[in-house]
Every structure is written in structure tokens, then in C-alpha cells.
Amino acid sequence: MISKQAITATNNLRSIFPFASARQAFGAVLKTLAIEHGEILLPAYIGWSSREGSGVFDPIAALDLDYCFYALDERMHIDLESLRTALLTGKIRVLVIIHYFGYVDPSYKEAVRMAREHGVFVVEDEAHALLSDVITGICGREGDVSIYSFHKMLPLESGGAAVVNHPESDWWHGLHPMPEARLVLSDYDLHTIATQRIANALTVDRLIRELAPLVEPLWGSPRDGEVPQTYPVLIRTCSRDHLYYAMNAAGFGVVSLYHTMIEQITPERYPHSHAISHCILNLPVHQDASPDDMKAMIRTLALLLEESRCIA
Ligand SMILES: Cc1ncc(COP(=O)(O)O)c(C=O)c1O
């Protein structure tokens, strides 16, 4: 039997609670979970800056929660063995998965499955992956809750949200949105923004190959459904910091996510994370820029590499 129209009110329910930022949303979720024992398990690639602090780690420190990390490999992908080892301690209460730069880890679903096997609550940090969730739906639905940051993807000063995937569960009853925060999802044409970001990333991906081996794409072109926040590359053979400053001086707003790891993630224990942190450069692919802007950006990058004698 099929009714004339959908009538099952509990089908695909998803509750979105607005906050002033992703970190406020994450903090509120952790507080609502009222964790007395057990650890928060985080990926070992979390940044810190003097201006912003640490968007991921600050809520954990503020609530004085216990934490530990799982390793990422040399390509910044989840190290499933490290994750398994952490889960087997039996101490983990919450697993955090970060969809860095809007891309989705190849082992994302397996990681969530492993967490479920151990009865662990799953948070998907989608500060960079708002559109990979809302527009293409390739992330954000396996976990218990997803966290958005609006100002990372839209031209806003602030804004975030906690998205509860299964409102029939009751853990979130104490979660209250911030009264002054607004849901901005209906203010923008998110589909067009996503299309523009993907087109820009594909242009960068095609042109950047000419700068090999000096510039190495971390992951390459976005796969089906991935809507990039930025396009990450690795600069291993010349000074990443020099290129960062020179590109910004030339008018191309590159960033380094993240140039500094939080001190809890030590180079001795997490060498891959530190190696990436030293050479990562994130190229802007946002909706204000066109494929022609991408071409100009890559041309400038090539000139700067030549000037700094990286190119023979
Ligand atoms: C992966 C990730 N999650 C969360 C945050 C926090 O975002 P917001 O500035 O909205 O608090 C940041 C940035 O600081 C981030 O990079």
C-alpha cells in the first residue's frame, strides 16, 4: 500500500538547533550528554591559533572532560587500527569525526560502525562540510549529531548549529538553542554555492598538476558529493610560510589549516599530523571566486615558486 501523500511524521526527522558558532554547539552537546566518566576520542589533527584558540578542543577543555586521540595517516586519513585500539580500552564515550575541508574520509562509515559496536556516541564535526551534508548528503547522517559552522562557508560573522539525527532518542532533551542565534540555511542559494565551489576545486585540481612535484594535492579533486571548503595542497620542498605570506600579499587568501597543532598532539606521538601541519596550504575555492580567478591564483603560485627558485 502507498498513501497518496507522505504521512509518517517521524520519517527522516532531523532537528537543527542554532548556536552562535560550531564550538558553542559542540560544547552544548557535550554538556547535555552529562559525561561523568569516559573519554572523548578525537582525531589527532586539531589546530590552535592565538586569535581563534581551538574550535574543536576548547569546548573539551572548558568542560574539563577526559580525552584521547586516534591517529591519522600520512595522507590525513583515519588510521583504523589506532581507532580500534582506542575503542578497545572500553573508556570511550564519544567519538568525534571531522570532515576536514568538506571532504569525507574513505573510512568514515567503517569508523562509525566500529564506534556503534562499542556503544559509543558519534559526533560529526561538519564545520567545513555544511554543504557536503545539506546539499549532497554524503556525510552527517551516520552519527548521532552533526555540528555546523555557518561563517566558515557563508559570508557571515558567526553562526553554527547542532543537528540531532534521531530526535526519537532522548539524550538531547536538555539541549537548548541560543535564543539570539538564527538558522540561516534558507537565506542563501546553497545549491549554487555548492556547484561553484566544486567547479572551482575541479579547475584548481586540473591546473595544479602542472606544479608537481613542488605542489602536491593532499586529496585531489573532490569526489562525488564532496563540496570543498578549501582545496588543500602540500608544499614540501620550499617554504610553505613564505608562499602563504606572498600569496596573501598578492591578493589570494590562502590559509593553513592548521599551521599549529594543539600542544596535546605531540610530534613524537603523531608525526604524520605534524608533517602535514608543517606543509599544508589551503587554497580558496569559495563562491565569490570564478574558475578564471582560480587560473590567476595558480599562475601567481607558479610565479612565486619560480621566484623563490623552487622551479629549476
Ligand atoms: C574542524 C573545525 N571544527 C570546529 C571549528 C569551530 O568553528 P566555529 O568558529 O564556528 O566555532 C573549527 C574552527 O575553528 C574547525 O576548524
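These values consider heavy atoms only, across backbone and side chains, with no hydrogens, waters or symmetry-generated copies. We count ligands from 1, going down the list as the structure has it; atoms in each ligand are counted the same way.
Close approach of ligand 1 to Lys152 is summarised as follows: ligand atoms under 4.0 Å from at least one heavy atom of the residue are 7 (O), 8 (P), 9 (O), 12 (C), 13 (C), 14 (O). Ligand-side atoms of ligand 1 in range of Glu52: 14 (O), range being under 4.0 angstrom from any heavy atom. Ligand-side atoms of ligand 1 in range of Ile98: 1 (C), range being under 4.0 angstrom from any heavy atom. Near Ala22, meaning under 4.0 Å from one of its heavy atoms, ligand 1 places the atoms 6 (C), 7 (O), 8 (P), 10 (O), 11 (O).
Contact annotation: the side chain of Glu124 approaches that of Glu142 to within less than 4.5 Å [non-hydrogen atoms, C-beta and beyond]. Counting heavy atoms from C-beta outward, Tyr258 and Ser49 have side chains that stay 4.5 Å or more apart.
Classification of Asp133 and Arg141 as a salt-bridged pair holds, one side-chain N sitting under 4.0 Å from a carboxylate O.
Residue, atom and distance of the protein heavy atom nearest to atom 16 (O) of ligand 1 are Tyr258 OH, 2.6 Å.
When only modelled atom types and interatomic distance are considered, Ser82 and Asp79 share no side-chain donor-acceptor pair under 3.5 Å.
Not a single heavy atom of Tyr100 sits less than 4.0 Å from an atom of ligand 1. In this structure, Gln24 has no heavy atom closer than 4.0 Å to ligand 1.
The proximity of Phe26 to ligand 1, defined as any non-hydrogen pair under 4.0 Å, does not occur for either the backbone or the side chain.
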